[in-house]
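Notes follow the structure.
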Amino acid sequence: MTDQAFSDTLPRAGAGQSRALRIGLRWTLYAVLILFALFYLMPLFVMVTTSLKSLEEIRTGSLVALPRAVTFDAWAKAWSGACTGIQCEGVRPYFWNSVVLAVPAVAISTFIGAVNGYIIAHWQFRGANLFFALLLFGCFIPFQVVLLPMARLLGILGLAGTIQGLIMVHVIYGLGFTTLFFRNYYVTIPQELVRAAKIDGAGFFRIFWSIFLPLSLPIIVVTVIWQFTQIWNDFLFGVSFSQAGSQPITVALNNIVNSTTGVKEYNVDMAAAIIAALPTLLVYIIAGKYFIRGLTAGSVKG
Amino acid sequence: MSDWLGRQIPKILLAPTFLAVLVFVYGFIAWTAWISFTRSRLMPQYEIDGVIQYERLFAAPRWDTAMNNLYVFGTLFIVIAMVLGLALAILLDQHIRAEGALRTIYLYPMALSMIVTGTAWKWILNPGLGIEAMVRGWGFESFSFGWLVDPDKAIYTIVLAAIWQSSGFVMALFLAGLRSVDGEIIKAAQVDGIPTWRIYTAIIIPSMAPIFLSAFIVLAHLAIKSFDLVIALTGGGPGYATDLPATYMYAMAFSRGDLGQAASSAMIMMSVVFAIVVPYLYSELRAKHD
Amino acid sequence: MAPILEIRNVTKNFGTTEILKGINVAIEPGEFLVLVGPSGCGKSTLLNCIAGLEETSGGEILIGGRDMTHVSPKDRNIAMVFQSYALYPTMSVAKNITFGMKVRGVDPATQERKLKEVAAQLQIEHLLNRRPAQLSGGQRQRVAMGRALVRDPALFLFDEPLSNLDAKLRVEMRSEIKKLHARLGTSMVYVTHDQIEAMTLASKIVVMKGGVIQQIGTPSEIYNRPANVFVADFMGSPAMNLIPAKARANGGETRLEIARAGEPPLVLDHAAPAGLPEDVILGLRPEDIAEAGFRSGQQVQTVDCRIDMVEPAGADTFVVSEMGGKQVTARLHAETRARAGEHLPLSFDLGKASFFDPASGDRLN
């Protein structure tokens, strides 16, 4: 309080600063920001350059040096020849595992989330709020607490080690967030719109199909990106519930990197890592706005 | 009759999700809790036998290390990521020319899998060919940077990689917060002649308290669940120097075949998460209702 | 004729809070019923109950003689215009208007014909291909009405349809709605918190407060003979003056005494037999207190009053004088010679007076 009283008597900021000082500050500001940009970019840069070097060059050259001779051998090997334990087929089969896993899991969880969100936002019934609270808590549990029973259940259902099993797991534990996204989006659609449609004679499905879905493109994009990133990047469920043939790419990458057989091929590791990162990275570059919206919505909301 | 059915449709459609949540979240938690009070080893046993698993857990040096690591990792990760995120947000808020591009650069690690992040940093930090070799190559022959293989330092490499991955996200949260502060208040302060830094410390940052809370919750949540990063970067090693509760639980469940220990450690993890998240969610939901 | 809408003893509870406490209203075909009251009085809830958008907790709602209490909105033969217009944002104006018919499976040719009719009626033919976001507030209002009109319903429901418009447009649309009603002759139920809207539109007004009907009547009944001090105060702008007074029998007349601070009491003789209790509240509209010489009639009495404040308002000038501890407003003509702080003889038209019981607030005469 006293500070504010004082500030009235202080000279205006900037008025007392010389032009040179302001320009100096400006340059420092940009320098700091660029330095941080380099910090964030450095690992990606190192990954890319390393993946394009030969092993020989890696051993003799510097970490941050550009490759003297660009070679895509590491990429080829990472894609179809690197060893994940005993098999040496590269990441290709696992990449497709992840695709086959992510596409239906994302589609199903997004669709169910949309319907759930629509109901919770506009078809309130007794207990709907309690249900929503239960669902919300479910978003925050550490998945370790469900690993053991889920492993047993998948075994009982005959889904242990299958991609179908993993799809089921991702759909179930993705529902909390997808429902949350759609619910938070749909509550901003005025209740009067639903009422007008009811008077026009439209029912539950008609209102969803003709009025809500056409409005939902932004939130569908946000949800799909969120779910895709989560599922593609998942490791815990993948490593816990898959076996040799059904592993997703994150598990395969980890196996390649930690495989103890033969010479350590850093360039192959890096190429495999980039391949594993590429889909989500592309999504981020293409639809960054929606990616950020999902991140913030997924964290700040209740 | 069809009217009655019409009114039931929402409930019918919500029922599967409701059941799924009930069984796969709450039922499974209950199952894990139950097992944590039994003598289960390789196979689950259902005879309640007191808190023996928790006694074993707290007596295990490896669990002790894991909790200790969680404390060190969690504290450093949360504090540094918040400070860095806030600093970047404030710097970016100064009408920066290439703000969009910089924001994109700061945030992209969040799109990567922790396994990718771990792999990259493992390579960068490896003593033989990574940063250490690079700096030596510059002529500093005695330079040594062996954190990754040093049992006392390895946990800091995880902190480093985790911050690299998540601080941009904190930045995005704070930047959104800064932009949502009422512009008229800031104008009023500027008219009053309050210097920019004081506008930040006295007006803008205090009004972002909810965002600090959100960021804290998200980061704490990430810290407790951290698993992939440790596996990819250090594998929990050297030895089990960088074990976290999540890796401990996984080791007990899938390599040691000790269900009792896995269940009890998972329950402890959940208790920690709930101790942080439940009051937050409760207050959020309450605030919505009022 | 049977009433087109009959509401019998309708109650509505949300948990333990009673929103509607036994509502009884009926309207004849062709009537324009306005539900008016302050926010939270239950008027919108009642409208939603009539529409079937909210379930009643008790009582019956009959539309066109049929019990519709538990019938879904689409089968009630009603149409509704909403406060926010509730236009479907992704559909064109034409689709907005025909959506209801499409849902009901009306054949496309009929849809097209009705759309043309309504569009011509509301002069929105040139807007049919636009999206709601591309329309002005007034245009959206018309589209919302169009959507209701194509239904050809037995009953139109309006939920504060003009409250999102600016003042000028509101007056325009108000008279359009009135013309529309005159042309169509359909029954309408209209919710508003704006008493001027209520007065200008209604053939019958229901004044509500706290989930209870305070009075049902024609605009002139409501305005001239308010049932209690709430209605007296709520309807009319500026509000009716409610002046505490002492009533005494004086021969065949009633003598009213009103205390004034720093002035001799105001004494008015009311040429009506006694029968009033001693303590009453005298209700007089501002226009029933005029400058001396501008009002004549058997019951007009002129008394000297001190003017505390003068507020010119264009066509009228309002003056305020303290009586019975209340700021009493009189509506004078624009060229009044009233000056603040000076005295002025004012004429009170007691023929228009309302008397209320100070304890219950109910009307006495």
Side-chain angles (χ1 to χ4, degrees), chain A residues 7 10 12-13 29 32-33 36-37 40-41 43 46-47 58 62-64 112 115-116 119 123 125 131 133-138 140-142 144-150 172 175 203-204 229 233 235-236 250 253-254 257-258 266 269-270 273 276-277 280-281 284 288 292 295-296 299-300 302, chain B residues 6 9-11 13-14 17-18 20-21 24-25 28-29 31-32 88 91 94 102 104-106 108-109 111-113 115-116 119-121 123-124 129-130 134 137 169 172-173 176 193-196 214 218 221 224-225 227-228 231-232 246 249 253 259 262-263 266 269-270 273 277 281 284-285:
Chain A
S7 63
L10 288 172
R12 291 280 290 275
L29 176 64
V32 171
L33 286 171
F36 272 106
Y40 288 106
L41 282 174
V46 169
M47 279 164 83
I58 289 170
S62 167
L63 182 70
V64 291
I112 299 179
V115 175
N116 287 348
I119 295 171
W123 296 82
F125 52 84
F131 168 71
L134 286 175
L135 197 68
L136 217 54
F137 280 126
F140 282 94
I141 57 163
Q144 279 76 12
V145 84
V146 298
L147 280 188
L148 298 174
M150 186 51 96
I172 289 170
L175 281 182
F204 179 89
T229 312
N233 287 343
F235 179 71
L236 182 63
T250 47
L253 171 63
N254 188 54
V257 174
N258 290 317
Y266 295 107
D269 291 356
M270 291 304 123
T280 50
L281 213 48
Y284 174 71
I292 296 166
L295 276 179
T296 43
S299 57
V300 198
Chain B
I9 284 177
K11 290 185 207 175
L13 287 178
L14 216 47
T17 307
F18 180 69
V21 169
F24 296 114
V25 176
F28 277 14
I29 291 173
W31 193 90
T32 305
L88 287 176
L91 293 181
Q94 308 306 316
L102 286 169
T104 308
I105 291 171
Y106 295 163
Y108 86 89
L112 303 181
S113 160
I115 296 292
V116 173
T119 304
W121 281 97
W123 161 235
I124 294 167
L129 295 165
M134 181 181 82
F169 165 58
L173 270 185
I194 299 178
T196 309
S214 296
V218 174
H221 190 233
I224 297 163
K225 294 216 287 194
F227 171 70
D228 334 17
I231 296 290
M249 184 275 162
L259 291 190
M269 285 179 69
M270 203 191 68
V273 170
V277 168
L281 279 184
E284 284 270 297
L285 289 173

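As the structure is a computational prediction, the values presented were derived from the model and not from experiment. Every chain is numbered from 1 and lettered A, B, ... according to where its sequence line falls, protein lines coming before strand lines.
Listed here is the closest heavy atom pair of B:Q94 and A:L29: CB-CD2, 3.8 Å. For the residue pair B:A262 and A:L148, the shortest heavy atom distance occurs at CB-CD1, 3.9 Å. Between B:I105 and A:L41 the shortest heavy-atom distance is CG2-CG, 3.6 Å. In terms of heavy atoms, B:L112 sits closest to A:A277 at CD2-CB, 3.6 Å.
Top candidate by heavy-atom pairs under 4.5 Å with chain A, chosen from B:A246, B:P109, B:A176, is B:A246. Heavy-atom pairs under 4.5 Å with chain B were tallied for A:P142, A:A276, A:A273; the largest tally goes to A:P142. Between chain A and the residues B:L259, B:V116, B:L88, the largest count of heavy-atom pairs under 4.5 Å involves B:V116. Ranked by heavy-atom pairs under 4.5 Å with chain B, the first of A:V115, A:V46, A:T229, A:D269 is A:V46. Top candidate by heavy-atom pairs under 4.5 Å with chain A, chosen from B:L102, B:V273, B:L14, is B:L14. For chain A, the option among B:V25, B:I115, B:L13, B:T104 with the highest count of heavy-atom pairs below 4.5 Å is B:I115. Of the listed residues B:W121, B:F227, B:F28, the one with more heavy-atom pairs under 4.5 angstrom with chain A than any other is B:F28.
Heavy atoms of A:I112 lying under 4.5 Å from chain B belong exclusively to its side chain. Contacts of B:L91 with chain A are made by both backbone and side-chain atoms, with heavy-atom separations under 4.5 Å. B:V21 touches chain A through its side chain: at least one heavy atom from C-beta onward sits under 4.5 Å away, while N, CA, C and O do not. Heavy atoms closer than 4.5 Å to chain A are found in both the backbone and the side chain of B:Y108. For chain A, the nearby part of B:M249 is the side chain; its heavy atoms alone come within less than 4.5 Å.
Side-chain contact between B:D228 and A:T250: absent, with no pair of heavy atoms (C-beta onward) separated by less than 4.5 Å. Side-chain contact between B:I9 and A:W123: absent, with no pair of heavy atoms (C-beta onward) separated by less than 4.5 Å. Contact check for B:I124 versus A:M47: no side-chain heavy atoms found under the 4.5 Å cut-off. Within the 4.5 Å cutoff, no side-chain heavy atoms of A:V146 are placed close to those of B:F24.
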>> Between B:W123 and A:I58, is the side-chain contact (heavy atoms from CB on, under 4.5 Å) condition met? List the steps.
In response: CA-CA 11 Å; B:W123 161 235; A:I58 289 170; 3.3 Å; yes
>> One pair to check against side-chain contact (heavy atoms from CB on, under 4.5 Å): B:K11 and A:I119. What are the steps and the verdict?
In response: CA-CA 8 Å; B:K11 290 185 207 175; A:I119 295 171; over 6 Å; no
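Using modelled atom types, one side-chain atom of A:T280 and one backbone atom of B:A111 make a donor-acceptor pair closer than 3.5 Å.
One finds the NZ atom of B:K225 at 7.5 Å from the CD1 atom of A:I141 (value rounded to the nearest 0.5 Å).
Classification of the B:Y106-A:F36 ring pair by plane angle, with boundaries at 30° and 60°, yields perpendicular.
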